There are 2 protein chains.
Amino acid sequence: MKLNDLTEIEVQRKVNEYFRLADITLKDEEIREIQVNDFGLGRLDDLGLQLFMYINTERYCAKEWVLFPRQTCPEHLHPPVESGDPGKQETFRCKFGTVYLYVEGEATSNPKAHPPERDRDQFTAAHEVILTAGDQYTIPPNTKHWFQAGEEGAVTAEYSSTSTDEHDIFTHKDI
Amino acid sequence: MKLNDLTEIEVQRKVNEYFRLADITLKDEEIREIQVNDFGLGRLDDLGLQLFMYINTERYCAKEWVLFPRQTCPEHLHPPVESGDPGKQETFRCKFGTVYLYVEGEATSNPKAHPPERDRDQFTAAHEVILTAGDQYTIPPNTKHWFQAGEEGAVTAEYSSTSTDEHDIFTHKDI
């Protein structure tokens, strides 16, 4: 499978297959609203994140995201923004598959996932948290994190304060 | 089935059976954290709500709730609270079964659900919204609402601003 060779709707349909594995029901018109993010790198098989946003208000946000097998969401953090907001805080609750999540903190020896070979020096967070269905983890604001799915891919709910993607800071030099 | 005759853990296990119908995975220790609310009325078969809280911070909240067949969550609203909070706003996303939701607004003719006979004068919101799997609806702050499951029961995700149950105002005279 080369995700990069697919059209957007083909990727969206593939994402929906993962949602169905987790018994998540989207309407046909919602499938077209699935966001396919390659972070401008054009290397979706390696680096990307697909998500459906249920709601994003000035107060709270909820979405479900999918990572394809061994796809990696690049390292980033949610910094404080104006008006006293300390930055986005987010809670992951895994629904299907395995998520290898890396956050700031003591580096884990022999981690189960690695960034793509050519991007290794663009990743710094090395404290490993492994999530499978029913596991959850809350990432504090202003904390670097990145994550990769295991061999089956992964479906995860994300509950958070407001999402303001334009404020996110990515560590990858090309993003 | 008389829910009122069951112990708390028996009700919690029944709730978990509904969660499993929606492919929602709780750990054994989480099943014991399922909240069984009879609103102090001791009539759980008629009036109640069961829920599992994933996260409730000062910024956001996420839970999944279960209504047993034809069980009703009594009418209430989330008023403004101190410090400029306009009151809790919540987004329901149905996962399983049918929810008959009633909110303030134009009364719906021939509604599909009715409050329990003896409680009818304790309910006022009469604008009907019907939710099945994949449907969602956002209830603004400070708006009266109540809801009842259809014959199969219902499982619904609720994404919201912070939950502060102690501020909720119920219209039922006995709550």
Side-chain angles (χ1 to χ4, degrees), chain A residues 16 18-31 33 52-64 78 80-81 83-98 131-141 154-164, chain B residues 16 18-31 33 52-64 78 80-81 83-98 131-141 154-164:
Chain A
N16 195 48
Y18 281 86
F19 281 146
R20 292 173 73 144
L21 289 174
D23 207 16
I24 292 166
T25 304
L26 296 194
K27 298 179 195 305
D28 288 345
E29 63 268 28
E30 290 177 331
I31 294 169
E33 295 168 16
F52 181 74
M53 182 87 81
Y54 291 124
I55 182 85
N56 186 26
T57 76
E58 288 179 12
R59 306 173 73 190
Y60 59 92
C61 177
K63 62 185 76 160
E64 313 254 17
H78 309 286
V81 292
S83 76
D85 182 336
K88 182 186 176 211
Q89 177 173 308
E90 57 197 24
T91 300
F92 290 172
R93 176 95 184 182
C94 183
K95 303 288 194 76
F96 170 83
T98 303
L131 306 175
T132 62
D135 291 332
Q136 78 179 52
Y137 188 84
T138 295
I139 302 166
V155 180
T156 298
E158 181 186 312
Y159 315 121
S160 72
S161 56
T162 308
S163 275
T164 57
Chain B
N16 194 48
Y18 282 86
F19 282 145
R20 292 174 73 146
L21 289 174
D23 207 15
I24 292 165
T25 304
L26 296 193
K27 298 180 195 305
D28 288 345
E29 63 268 27
E30 290 178 329
I31 294 168
E33 293 167 18
F52 181 73
M53 182 87 82
Y54 290 125
I55 182 84
N56 186 25
T57 75
E58 288 179 13
R59 305 174 74 189
Y60 59 92
C61 177
K63 61 184 78 161
E64 314 253 17
H78 309 287
V81 293
S83 74
D85 181 335
K88 181 186 176 210
Q89 176 172 310
E90 57 196 26
T91 299
F92 290 172
R93 176 95 185 182
C94 185
K95 302 288 193 77
F96 171 84
T98 304
L131 306 175
T132 61
D135 292 332
Q136 80 178 50
Y137 188 86
T138 294
I139 302 166
V155 180
T156 298
E158 181 187 313
Y159 315 121
S160 71
S161 56
T162 309
S163 275
T164 57

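Chain identifiers are assigned alphabetically (A, B, ...) following the order of the sequence lines, protein sequences preceding nucleic acid strands; residue numbering begins at 1 within each chain. Only a predicted model underlies this, so the values are computations on that prediction, with no experimental measurement involved.
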Item to complete: Let me see the working for Ile55(A) and Arg93(B) under side-chain contact (heavy atoms from CB on, under 4.5 Å), right down to the final yes or no.
Response: CA-CA 10 Å; Ile55(A) 182 85; Arg93(B) 176 95 185 182; over 6 Å; no

Item to complete: Report the option among Ala22(A), Cys94(A), Ser160(A) that has the most heavy-atom pairs separated by less than 4.5 Å from atoms of chain B.
Response: Ser160(A)

Item to complete: Would you please indicate yes or no on a ring centroid separation below 6.0 angstrom for Tyr60(A) and Tyr159(B)?
Response: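 Distance test on ring centres: not under 6.0 Å, no.
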
Item to complete: Mark yes when over 12 heavy atoms from residues, nucleotides or ligands other than Glu58(A) sit less than 6.0 Å from its CD; otherwise mark no.
Response: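 Not buried by this count: 12 neighbours or fewer within 6.0 Å.
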
Worksheet item: Can you check whether Thr162(A) reaches Arg59(B) side chain to side chain, under 4.5 Å on heavy atoms?
Response: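 The answer is no; the side chains never approach within 4.5 Å.
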
Discussion item. Within the structure provided, determine whether Lys95(B) and Thr25(A) are in side-chain contact (heavy-atom separation under 4.5 Å).
Written reply: no

Worksheet item: Checking Phe19(A) against chain B: side chain, backbone, both or neither under 4.5 Å from a heavy atom?
Response: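 Neither part.
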
Practice prompt. Let me know if Glu30(A) has heavy atoms under 4.5 Å from chain B in its side chain, its backbone, both or neither.
Written response: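 Contact with chain B involves the side chain of Glu30(A) alone.
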
Practice prompt. Just jot down the salt bridge (charged side-chain N to carboxylate O under 4.0 Å, His left out) partners of Asp23(B), sequence neighbours excluded, or say none.
Written response: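 In terms of salt bridge (charged side-chain N to carboxylate O under 4.0 Å, His left out), with neighbours along the sequence ignored, Asp23(B) is linked to no residue.
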
Worksheet item: By salt bridge (charged side-chain N to carboxylate O under 4.0 Å, His left out), which residues pair with Lys88(A), not counting sequence neighbours?
Response: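 If we apply the salt bridge (charged side-chain N to carboxylate O under 4.0 Å, His left out) test to Lys88(A), skipping adjacent residues, the hits are Glu90(A), Glu158(A).
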
